[in-house]
Structures are given as C-alpha cells and as structure tokens.
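Comments concern the structure below.
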Amino acid sequence: QLQLVESGGGLLQAGGSLTLSCSAPGFNLDFYAIGWFRQAPGKEREGVSCIMNIGGQTGYADSVKGRFITSRDSVKNTAYLQLNNLIPEDTGVYFCAAGKFTYGTDWPLPPPREYDWWGRGTQVTVSS
C-alpha cells in the first residue's frame with residue numbers, strides 16, 4: 001500500500017515562504033500525478049495544485065497562482081509545493097495525494113476522487 005508522507009509545515013509570518021515535501025518510501029512516484037490540497041478549520045478540503053507525471057504539466061487554484069509552485073524530483077522520488085508570499089488565508093493542513101489519470105482530467109485541479117492515495121497532512125500556520 002502506497003503511503004505518502006508530507007513534511008515541511010510550520011508557523012510563520014505573512015509574507016514568508018515555505019516548502020512542503022511529499023515522499024513515498026518504497027514506491028515510485030513517477031507513475032502518479034501528484035496533487036496538493038489544503039483544509040482550513042471549519043472549511044472543506046480544497047485543491048491547491050496538481051503536477052502530472054508524464055509531461056510535468058502543472059495546475060493551480062486561482063487563490064495561489066503566482067505564489068505557489070509545485071514540482072517533482074524523480075531522483076529523490078519526492079514532490080514539492082513551494083509556498084511564497086504567504087497570507088493568513090493560507091493557513092491549514094496541507095495534504096499531498098497521488099493518482100493515475102490523464103492530463104486534462106478536470107484540469108487544472110482534478111478533484112479528490114481522482115486520487116487514490118493520500119498523506120496525513122502537515123500543518124501550515126500563517127500569522128498576520
């Protein structure tokens with residue numbers, strides 16, 4: 001069973017930057033598209049970004065476009081979400097997810113149902 005592990009969360013001030021990592025020990029992430037989601041207290045989980053495994057196409061939510069960057073490193077078998085110019089509204093638990101689907105599926109943010117495997121999340125808290 002594929003297990004995703006997020007890391008890199010933390011507490012920081014508005015305007016700061018952070019990089020989250022998503023790894024899958026023992027599994028090759030090259031076979032999967034990787035999505036990032038977040039959930040703020042009292043709110044539903046929302047899609048943040050997606051990066052395809054073939055082609056490397058990326059998609060972002062409008063709320064993070066221009067501030068967040070998703071990437072992946074096949075050698076390190078790790079996906080990343082770089083969070084820049086953070087605002088308090090970015091606070092939440094960030095999850096990575098892995099799925100096998102083709103580019104264009106509900107693009108730019110394939111919904112949670114397209115993903116088969118999920119991590120447990122990492123907390124990001126942005127203070128004003």
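Residue numbers count from 1 along this sequence.
- Considering all non-hydrogen atoms of both residues, T70 and S49 come closest at CB-OG, 3.7 Å.
- A continuous path of hydrophobic side-chain contacts links V126 to L20 [ILVMFWY only; heavy atoms under 4.5 Å].
- Residues Q82 and L18 fail the side-chain proximity criterion, which asks for heavy atoms closer than 4.5 Å.
- When the side-chain hydrogen bond (donor to acceptor under 3.5 Å, both in side chains) test is applied to T58, no partner is found at least two apart in sequence or on another chain.
- Heavy-atom minimum distance, P112 versus F37: CG-CE2, 3.7 Å.
- Closest approach of W107 to G59, counting heavy atoms only: CZ2-N, 3.6 Å.
- Taken from CD in E6 to CD in Q123, the straight-line distance is 12.0 Å, to the nearest 0.5 Å.
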Solution key, residues 23-35 side-chain donor-acceptor pairs under 3.5 Å, sequence neighbours excluded:
residue : atom : partner : partner atom : Å
N28     : OD1  : D30     : N            : 2.9
D30     : OD1  : S74     : OG           : 2.9

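- One N or O on the side chain of T122 and one on the backbone of G9 form a donor-acceptor pair closer than 3.5 Å.
- Every pair passing salt bridge (charged side-chain N to carboxylate O under 4.0 Å, His left out) that includes a residue from residues 45-55 is listed here, sequence neighbours excluded: R38-E46.
- What you find for L4 and A98 is that their closest heavy atoms are CD1-N, 3.6 Å.
- Residues passing the ring-ring contact (aromatic ring centres under 6.0 Å, His included) test with F95: none are found, sequence neighbours excluded.
- Listed by chain and residue number, nothing satisfies the side-chain hydrogen bond (donor to acceptor under 3.5 Å, both in side chains) test with Q57 (two or more places apart in sequence, or in another chain).
- Partners of R67 under the side-chain hydrogen bond (donor to acceptor under 3.5 Å, both in side chains) rule, at least two apart in sequence or in another chain, are D90.
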Open item on the list: Let's go through F68 and L86 carefully: what are the C-alpha distance in whole Å and the side-chain angles of both, what is the deciding distance for side chain to side chain contact (heavy atoms under 4.5 Å, CB included) to 0.1 Å, and is it a yes or a no?
Closed with: CA-CA 9 Å; F68 290 9; L86 283 159; 4.0 Å; yes
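- Residues passing the side-chain hydrogen bond (donor to acceptor under 3.5 Å, both in side chains) test with E89: none are found, sequence neighbours excluded.
- Legend: residues meeting salt bridge (charged side-chain N to carboxylate O under 4.0 Å, His left out) with K100, ordered by chain and number and at least two apart, are absent.
- Note on I69: it does not cluster hydrophobically with Y80, by side-chain heavy-atom contacts below 4.5 Å among ILVMFWY residues.
- Surrounding CD of Q3 are at most 12 heavy atoms belonging to other residues, nucleotides or ligands under 6.0 Å away.
- Grouping the Ile, Leu, Val, Met, Phe, Trp and Tyr side chains by contacts below 4.5 angstrom, directly or via other members, places V64 with V124.
- Across K76 and T78, no two heavy atoms sit closer than the pair O-OG1, 2.8 Å.
- By the salt bridge (charged side-chain N to carboxylate O under 4.0 Å, His left out) test, D106 pairs with R113, sequence neighbours left out.
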Task: CA sep, side-chain torsions, deciding dist, call: L81, V48, side chain to side chain contact (heavy atoms under 4.5 Å, CB included) - done: CA-CA 9 Å; L81 181 66; V48 174; 4.1 Å; yes
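- No chain of hydrophobic side-chain contacts below 4.5 Å, direct or via other Ile, Leu, Val, Met, Phe, Trp or Tyr residues, connects Y103 to I51.
- Residues forming a ring-ring contact (aromatic ring centres under 6.0 Å, His included) with Y60 (at least two apart in sequence, or on another chain): none.
- Taking every heavy atom of both residues into account, A14 and S128 meet most closely at CB-CA, 4.4 Å.
- In the hydrophobic clustering of this structure, L12 groups with W36; members are Ile, Leu, Val, Met, Phe, Trp, Tyr whose side-chain heavy atoms approach within less than 4.5 Å, directly or through other members.
- Partners of C50 according to the disulfide bond (SG atoms under 2.5 Å apart) rule, which considers only residues two or more places apart in sequence or in another chain, do not exist here.
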Task: Check against side chain to side chain contact (heavy atoms under 4.5 Å, CB included), Q1 and W117 - done: CA-CA 9 Å; Q1 184 173 358; W117 309 104; 3.2 Å; yes
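- Using cut-offs of 30° and 60° for the angle between ring planes, the Y115 and F101 rings count as perpendicular.
- Pairs of residues two or more places apart, or lying in two chains, that qualify as disulfide bond (SG atoms under 2.5 Å apart) and include a residue from residues 85-128 are C22-C96.
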